Asks: 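Sending over a structure as structure tokens; questions will come in a sec.
Below, chains carry the letters A, B, ... as their sequence lines are ordered, and counting in each starts from 1. Everything quoted here is computed from the prediction, not taken from an experiment.
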Number of protein chains: 2
Amino acid sequence: MEIDPEARIDHGAPLPPYRQLAGILAARIERGDWQPNRAIPSESQLVQEYGLARATVRRAIAVLVEQGVLFVVPQRGTFVKPAGEV
Amino acid sequence: MEIDPEARIDHGAPLPPYRQLAGILAARIERGDWQPNRAIPSESQLVQEYGLARATVRRAIAVLVEQGVLFVVPQRGTFVKPAGEV
DNA sequence: TTTCATTTGTACGTATGTATT
DNA sequence: TAATACATACGTACAAATGAA
């Protein structure tokens, strides 16, 4: 997919921000920013880091959960899903 | 699941509105309010009919799309998915 | 035990974009 | 030229559960 983990959100791009963020986060996981079973930054932190609304951040996370890249534990955080099973 | 297709949204119930609506719409489809390949009411109409925010209505629809009960055609409407395949 | 901050879950209202009719 | 309908995004608010102080 060739996504730069250092990329910023481009509100003028054809790809909507929530998909851009999903790609960026996936690239950062791929690169090793966060290990399996470790939490990624909270939604609030991602909101500040990427300058997006929380709803947009949540949507990006939903995409990755759908893809099996992340899993969410209510009231605890969002974690990187281990490769083959748990 | 025994859901009354005539039910209204109860904001005090444990089940969140978006899930209540998903159940109600599923019950109405089951009952035959809308036939396969026919459009259900637009999001705006459902917003008015059930007194919910559009985001909530969309979420309920997303649940049914996920379950294979409905399918969305952008700019055209939301349709009842035929039973076995298309 | 109580309090407080953190984090995700849910919902509201509004605005703009895009494609179809 | 509108009107319609879905797509996306913003900001705000409150609830519930967790964990630390």
Side-chain angles (χ1 to χ4, degrees), chain A residues 7-26 28-29 33-35 37-81, chain B residues 7-26 28-29 33-35 37-81:
Chain A
R8 306 307 298 172
I9 301 300
D10 177 2
H11 288 265
L15 200 64
Y18 81 92
R19 292 203 195 192
Q20 290 180 47
L21 180 56
I24 291 170
L25 293 179
R28 293 186 63 178
I29 291 170
D33 280 23
W34 309 293
Q35 297 302 310
N37 285 314
R38 296 284 295 174
I40 66 172
S42 72
E43 294 174 353
S44 295
Q45 291 177 308
L46 292 174
V47 162
Q48 292 189 61
E49 182 172 354
Y50 289 96
L52 296 170
R54 195 179 153 212
T56 305
V57 168
R58 282 177 62 75
R59 195 162 182 189
I61 290 173
V63 168
L64 298 180
V65 167
E66 175 80 17
Q67 295 178 2
V69 176
L70 297 174
F71 66 96
V72 180
V73 179
Q75 279 69 60
R76 296 291 305 133
T78 301
F79 305 78
V80 177
K81 199 165 183 179
Chain B
R8 306 306 297 172
I9 301 299
D10 177 2
H11 289 265
L15 201 63
Y18 82 93
R19 292 205 194 189
Q20 289 180 47
L21 180 56
I24 291 171
L25 293 179
R28 292 185 63 179
I29 290 170
D33 281 23
W34 309 292
Q35 297 302 310
N37 286 313
R38 298 284 294 175
I40 66 172
S42 71
E43 295 175 352
S44 296
Q45 290 176 307
L46 292 174
V47 163
Q48 293 189 60
E49 182 173 354
Y50 289 96
L52 296 171
R54 195 175 155 218
T56 307
V57 168
R58 281 174 64 74
R59 196 163 182 188
I61 289 174
V63 168
L64 297 179
V65 167
E66 175 80 17
Q67 295 179 1
V69 175
L70 298 174
F71 66 96
V72 180
V73 179
Q75 278 69 58
R76 296 298 344 275
T78 301
F79 304 79
V80 176
K81 199 164 183 179

Asks: Closest approach to the side chain of B/Pro16, judged atom by atom: which nucleotide of C/dT8, D/dT8, C/dT10 is it?
Replies: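 Out of C/dT8, D/dT8, C/dT10, the nucleotide with an atom closest to B/Pro16's side chain is C/dT10.
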Asks: Identify the two heavy atoms, one from A/Val47 and one from A/Leu52, that lie closest to each other, and give their separation to 0.1 Å.
Replies: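 For A/Val47 and A/Leu52, the tightest heavy-atom pair comes out as CG1-O, 3.0 Å.
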Asks: How many Å lie between NE2 on A/His11 and P on C/dG17, as a whole number?
Replies: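 Value for this atom pair: 14 Å.
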Asks: Expressed in angstrom and rounded to an integer, what is the separation of A/Leu21 atom CG from D/dC10 atom P?
Replies: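 Taking atom P of D/dC10 as the reference, CG of A/Leu21 is at 10 Å.
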Asks: I need the residues from residues 40-53 of chain A with at least one non-hydrogen atom less than 4.0 Å from DNA chain C; give them sorted by number, or say none.
Replies: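 Only A/Ser42, A/Glu43 qualify.
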Asks: So which of residues 58-66 of chain A are in contact with DNA chain D, with a heavy-atom cut-off of under 4.0 Å?
Replies: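 The stretch gives A/Arg59 as the residues lying under 4.0 Å from the strand, ordered by number.
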Asks: Check residues 54-79 of chain A and write down every donor-acceptor pair under 3.5 Å in which the side-chain atom is one partner and the other belongs to a residue at least two apart or another chain.
Replies:
| residue | atom | partner | partner atom | Å |
| --- | --- | --- | --- | --- |
| A/Arg54 | NE | A/Glu43 | OE1 | 2.7 |
| A/Arg54 | NH2 | A/Glu43 | OE1 | 2.9 |
| A/Arg58 | NH1 | A/Glu43 | OE2 | 2.8 |

Asks: In dot-bracket form, 5' to 3', how is DNA chain D paired? Count Watson-Crick and G-U wobble pairs only if both distances fall under 3.5 Å, and write | where the partner sits on another strand.
Replies: .||||||||||||||||||||
Asks: Would you say a side-chain N or O of B/Thr78 is under 4.0 Å from OP1 or OP2 of D/dA5?
Replies: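 Checking B/Thr78 against D/dA5: no side-chain N or O falls below 4.0 Å of OP1 or OP2.
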Asks: Specify the residue among B/Val73 and A/Ala55 whose closest nucleotide of DNA chain D lies further upstream toward the 5′ end.
Replies: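 The residue mapped nearer the 5' terminus is B/Val73.
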Asks: Keeping to residues at least two apart or across chains, list the ring-ring contact (aromatic ring centres under 6.0 Å, His included) pairs with something in residues 47-69 of chain B.
Replies: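 Listed by first then second residue: nothing to list.
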Asks: By side chain to side chain contact (heavy atoms under 4.5 Å, CB included), which residues pair with B/Ser44, not counting sequence neighbours?
Replies: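 Result, side chain to side chain contact (heavy atoms under 4.5 Å, CB included) vs B/Ser44: B/Ser42.
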Asks: For nucleotides 15-21 of chain D, read 5' to 3', which letter fits each nucleotide if B means a protein heavy atom sits under 4.0 Å from the base, S means only the sugar-phosphate is that close, and - means neither?
Replies: -BBSS--
Asks: Which value, rounded to the nearest 0.5 Å, describes the distance between B/Ile24 atom CD1 and B/Asp33 atom CG?
Replies: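 The distance works out to 11.5 Å.
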Asks: A/Ile40 versus A/Val80: any side-chain heavy-atom pair under 4.5 Å?
Replies: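 A side-chain contact under 4.5 Å exists here.
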Asks: Hey, can you pull the donor-acceptor pairs under 3.5 Å for the side chains in residues 7-18 of chain B, sequence neighbours left out?
Replies:
| residue | atom | partner | partner atom | Å |
| --- | --- | --- | --- | --- |
| B/Arg8 | NH2 | B/Glu49 | O | 2.5 |
| B/Asp10 | OD1 | B/Gly12 | N | 2.8 |
| B/Asp10 | OD1 | B/Ala13 | N | 3.4 |

